[in-house]
Participant: 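Please see the structure below; I have some questions.
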Amino acid sequence: MSRKLLLEKAHVEGIRHYDVYRREGGYRSVEKAFRMAPADIVEEVKKSGLRGRGGAGFPTGMKWSFLAKPEGVPRYLVCNADESEPGTFKDRYLMEFIPHILIEGMIVSSFALGSNRSYIYIRGEYAWIVDILEQAIEEAKQNGFLGKNILGTGFDCEIYVHRGAGAYICGEETALLESLEGKRGNPRIKPPFPAVKGLYDCPTVVNNVETLAAVVPIINDGGEEYAKIGVGKSTGTKLMSACGNINKPGVYEIDMTISVEEFIFSDEYCGGIPNGKRLKACIPGGSSVPILPANLLLTTAKGEKRLMNYESLSDGGFATGSMMGSGGFIVLDEDQCVVKHTYTLARFYRHESCGQCSPCREGTGWMEKILLNIEKGKGKISDIDLLWDIQRKIEGNTICPLGDAAAWPVAAAIRHFRDEFEWHVKNPEECLRTNYGLAHYADPIHVPVTG
Amino acid sequence: MIGFTEAKLKEVEQLIARYPDGKQKSALLPVLHLAQQEFGGWLDVPVMDYVAQLLKIEPIEVYEVASFYSMYNLKPVGKYLFEVCQTGPCMLNGSDNIIDYIKEKLNIGVGETTADGLFTLKTAECLGACGYAPMMQMGKHYREHLTREKVDAIIEECRAKAN
Ligand SMILES: Cc1cc2nc3c(=O)[nH]c(=O)nc-3n(C[C@H](O)[C@H](O)[C@H](O)COP(=O)(O)O)c2cc1C
Ligand code: SF4
Ligand code: FES
């Protein structure tokens, strides 16, 4: 059993309400934090080794210590609840079931950073979660944890929910800030970084929902205790959202010591592949990270068991590894077509490109078209090389990382499944008829384990 | 004349108050949501001009935002808007079949509205419900684990409510 820090109480009856949450030990971290100096809170977060849960995995304590503190200028904390990376639905789960843990974490973080006005930027489609959060905020306020002079400390803080309106790019932190200012979600050129010039040109910290929630156990138990969970630079627990062809899709809180094999096949987590099918491939960290064939997913190129943590998932670099990313775990069974799946992702990135940079704007649409052609049996072998060429020209040549995010899935699909692309070209009739790709990638794998 | 009711105007004021003085433009996205809900499910030009006036910004600032975000409809839509997710994880669980079934059942294509003005079908990209696929958004809520039978039931439910 993985230890649970965030979701332990998520299913206690009535936990969405302040009274129950408080009775279960909620808001203790606020009381504790207010007896500490803000700089010491940042120190605890540093000690915890917490890495940002939004996708990039940047150490949170370090990010906080970069925040500029000019006299007389407000500072802002913004929670990134835009959650739009395909495969990712963990923040939604946390906010839906245990909203107060986010509010609690945000109060502590606001105090540590000196933000008197903090925002939760939530994707517009999560409309019903807006109501849940607004209610939690109202309850926290009525009980003196938000508003003016919180708990008599002289610290004022308000938290507001800001609803987006459907744009994946607004998850990118500078696009998010533009959107929060009432503009199109066009990413800004960095530097300056938000820590210096963020919301309304003021110093700003942007953190993911799960990151801010994790501040609660870190303050309650201390950074060192938190760092004892997990392994290496993957400290604490991680929320994984698992989907695709598995028996038990859902959100799981794991400590990052378990193996990928255990995560997929044990009944405690995904519960294996439905209908007795074999595992073909998996995208372990949200649509942007490289897809891996079953054999490389379960064991690294060095032959070690792959574990569910930052280091192990990226072992081997992009040649033979992938990334933890946002924790969106997408599983493909032997009947799924990698070309078709990659096509849907290319379509997604074309749809979501903000259009500012030509490599991204033009390249994403071009890749989508070629992939659709190949999928429909109308492709040529040279198209595969062309795809490779296009993705290379996007990567690294754009204002924001969406360009890379669009390039990587295509690159990895060709890298590991090139013969499936070729099969589509050579068997146009067949690929139209069955719509399936090749199953033989699943061959080495038939590993039901007991968890 | 287009105009919010007194109660809605109050809501707009409260939304503006969430942002620092002089930053009322920040309330644009939330106010557009409100306007779309109030004025027939889409944003006609006079509605956008009205929002510009409320927030003391130029109309173009509203148009460029309204056209950027996928949740704002710049054309009329049916009373019930079905937005079916078609991205990878939903596709793995059969979203194509669901889209085809709705097309066949309502006799419309993607982006079209039924003749009685009741239903509009759209496709959507990942809505953060990948573990509960296939799914669609209908108004404020998600309908998840869709099957043909569920689609039938949802359509019936809408027709019953509309009568
Ligand atoms: C295209 C794109 C989309 C992103 N979407 C999200 C998102 O939905 N949620 C999120 O927390 N971070 C997202 N990020 C990462 C953010 O830019 C930022 O790194 C993150 O919110 C920082 O929080 P953390 O340090 O707590 O992870 C995205 C980045 C890019 C480039
Ligand atoms: S990489 Fe794409 S999404 Fe990012 S700024 Fe450029 S065009 Fe926009
Ligand atoms: S892919 Fe459909 S909700 Fe994520």
Side-chain angles (χ1 to χ4, degrees), chain A residues 74 83-89 91-93 117 119 123-128 131 158 160-168 170 179-186 199-200 241-246 249-251 283 287 328 330-333 336 340-345 347-348 351-352 354 409, chain B residues 14-20 22-34 36-37 43 51 55 57 61-73 83 85-93 95-96 123-133 135 137 139-142 144-145:
Chain A
E83 188 165 73
S84 318
E85 168 103 348
T88 315
F89 47 102
D91 296 337
R92 161 189 174 183
Y93 191 91
R117 204 191 269 265
Y119 294 97
R123 68 175 300 172
E125 294 89 348
Y126 286 174
W128 77 100
D131 295 347
E158 297 287 352
Y160 297 110
V161 184
H162 182 100
R163 199 176 150 209
Y168 165 70
C170 292
S179 183
L180 191 47
E181 293 180 5
K183 303 181 209 151
R184 294 165 79 96
N186 288 344
L199 184 61
Y200 312 125
S241 58
C243 62
N245 304 121
I246 47 176
V251 175
I283 301 176
S287 61
I330 309 169
V331 178
L332 279 68
D333 73 24
Q336 298 296 350
K340 180 162 189 199
H341 192 259
T342 309
Y343 157 67
T344 72
L345 299 185
R347 183 183 57 206
F348 172 85
H351 186 259
E352 304 299 339
C354 85
Chain B
Q14 283 165 352
L15 284 172
I16 293 173
R18 294 175 162 202
Y19 308 94
K23 304 294 181 195
Q24 78 284 354
K25 184 174 170 178
S26 275
L28 180 53
L29 267 64
V31 173
L32 281 177
H33 278 304
L34 207 59
Q36 178 159 292
Q37 191 189 321
L43 297 170
V51 169
L55 294 179
I57 55 180
E61 295 177 86
V62 181
Y63 307 156
E64 64 177 15
V65 162
S67 59
F68 185 84
Y69 296 91
S70 65
M71 290 184 77
Y72 300 127
N73 301 314
E83 293 172 280
C85 173
Q86 58 172 355
T87 313
C90 277
M91 184 278 289
L92 296 176
N93 283 290
S95 59
D96 290 0
T123 52
E125 299 295 344
C126 185
L127 294 171
C130 329
Y132 323 110
M135 63 78 66
Q137 177 164 31
K140 194 168 175 177
H141 293 279
Y142 285 3
E144 298 168 334
H145 297 296

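Order of the sequence lines sets the chain letters (A, B, ...), proteins ahead of strands, with each chain counted from 1.
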Participant: Provide the closest heavy-atom pair for A:Arg123 versus B:Glu125 in the form atom of the first, atom of the second, distance.
Facilitator: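 Heavy atoms only, the tightest pair is NH2-O, 4.4 Å.
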Participant: Do B:Tyr69 and A:Ser179 make a side-chain contact, defined as non-hydrogen atoms from C-beta onward lying under 4.5 Å apart?
Facilitator: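 SC-SC contact between B:Tyr69 and A:Ser179 confirmed.
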Participant: Are the side chains of A:Tyr200 and B:Ser26 in contact, using a 4.5 Å heavy-atom criterion?
Facilitator: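 Yes, at least one pair of side-chain atoms sits under 4.5 Å.
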Participant: Is B:Arg18 reaching over with its side chain to a backbone N or O of A:His162, donor-acceptor style, under 3.5 angstrom?
Facilitator: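 Answer holds: no.
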Participant: Any sub-3.5 Å donor-acceptor pair from B:Thr87's side-chain atoms to A:Pro86's backbone N or O?
Facilitator: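 No; judged by distance alone, with no hydrogens or angles, the pair does not exist.
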Participant: Under a 4.5 Å heavy-atom cutoff, which of B:Gln137, B:Glu83, B:Lys25, B:His141 has the most pairs with chain A?
Facilitator: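 Ranked by heavy-atom pairs under 4.5 Å with chain A, first place is B:Lys25.
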Participant: Does the ring centre of A:Tyr160 sit less than 6.0 Å away from the ring centre of B:Tyr19?
Facilitator: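 Ring centres of A:Tyr160 and B:Tyr19 not closer than 6.0 Å.
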Participant: Any chance you could measure A:Asn245, atom CG, to B:Asn93, atom CG, to the nearest 0.5 Å?
Facilitator: 6.0 Å
Participant: With only heavy atoms counted, which part of A:Tyr93 is less than 4.5 Å from chain B, the side chain, the backbone, both or neither?
Facilitator: side chain
Participant: Using 0.5 Å steps for rounding, measure from the CE atom of B:Met91 to the CG atom of A:Leu332.
Facilitator: 7.0 Å
Participant: Could you tell me the separation between the NE2 atom of B:His33 and the CZ atom of A:Arg163, rounded to the nearest 0.5 Å?
Facilitator: 4.0 Å
Participant: With sequence neighbours excluded, tell me which residues meet salt bridge (Lys or Arg N to Asp or Glu O under 4.0 Å) with A:Glu85.
Facilitator: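 Checked A:Glu85 against salt bridge (Lys or Arg N to Asp or Glu O under 4.0 Å); zero matches.
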Participant: What I'd like to find out is whether the side chain of B:Lys140 reaches to under 4.5 Å of the side chain of A:Asp131, using heavy atoms alone.
Facilitator: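 They are in side-chain contact.
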Participant: Looking at B:Leu92, is its backbone amide N or carbonyl O close enough to the side chain of A:Gln336 to form a donor-acceptor pair, meaning the two atoms are under 3.5 Å apart?
Facilitator: yes
Participant: Name the region of A:His341, side chain, backbone, both or neither, that has any atom closer than 4.5 Å to a heavy atom of chain B.
Facilitator: both
Participant: Are A:Lys183 and B:Phe68 side-chain neighbours, meaning at least one heavy-atom pair lies under 4.5 Å?
Facilitator: no
Participant: Please name the pair of heavy atoms, one in B:Cys130 and one in A:Cys243, separated by the smallest distance, quoted to 0.1 Å.
Facilitator: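 What the structure gives for the nearest pair is O-CB, 3.5 Å.
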Participant: Between B:Tyr132 and A:Phe89, how do the two ring planes meet: parallel, tilted or perpendicular, split at 30° and 60°?
Facilitator: perpendicular
Participant: When you measure from the side chain of A:Thr344 to the backbone of B:Gly88, do you find a donor-acceptor pair of N or O atoms at a distance under 3.5 Å?
Facilitator: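 Yes.
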Participant: If the condition is salt bridge (Lys or Arg N to Asp or Glu O under 4.0 Å), which residues does A:Arg184 pass it with, not counting sequence neighbours?
Facilitator: none
Participant: Does any backbone or side-chain atom of A:Tyr119 lie under 4.5 Å from a heavy atom of chain B? Answer side chain, backbone, both or neither.
Facilitator: side chain
Participant: At a heavy-atom separation under 4.5 Å, does A:Glu352 approach chain B through its side chain, its backbone, both, or neither?
Facilitator: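 Only the side chain of A:Glu352 comes within 4.5 Å of chain B.
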Participant: Count the heavy-atom pairs under 4.5 Å between each of B:Cys90, B:Pro30, B:Ala124 and chain A, then report the option with the highest count.
Facilitator: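 Highest number of pairs under 4.5 Å: B:Pro30.
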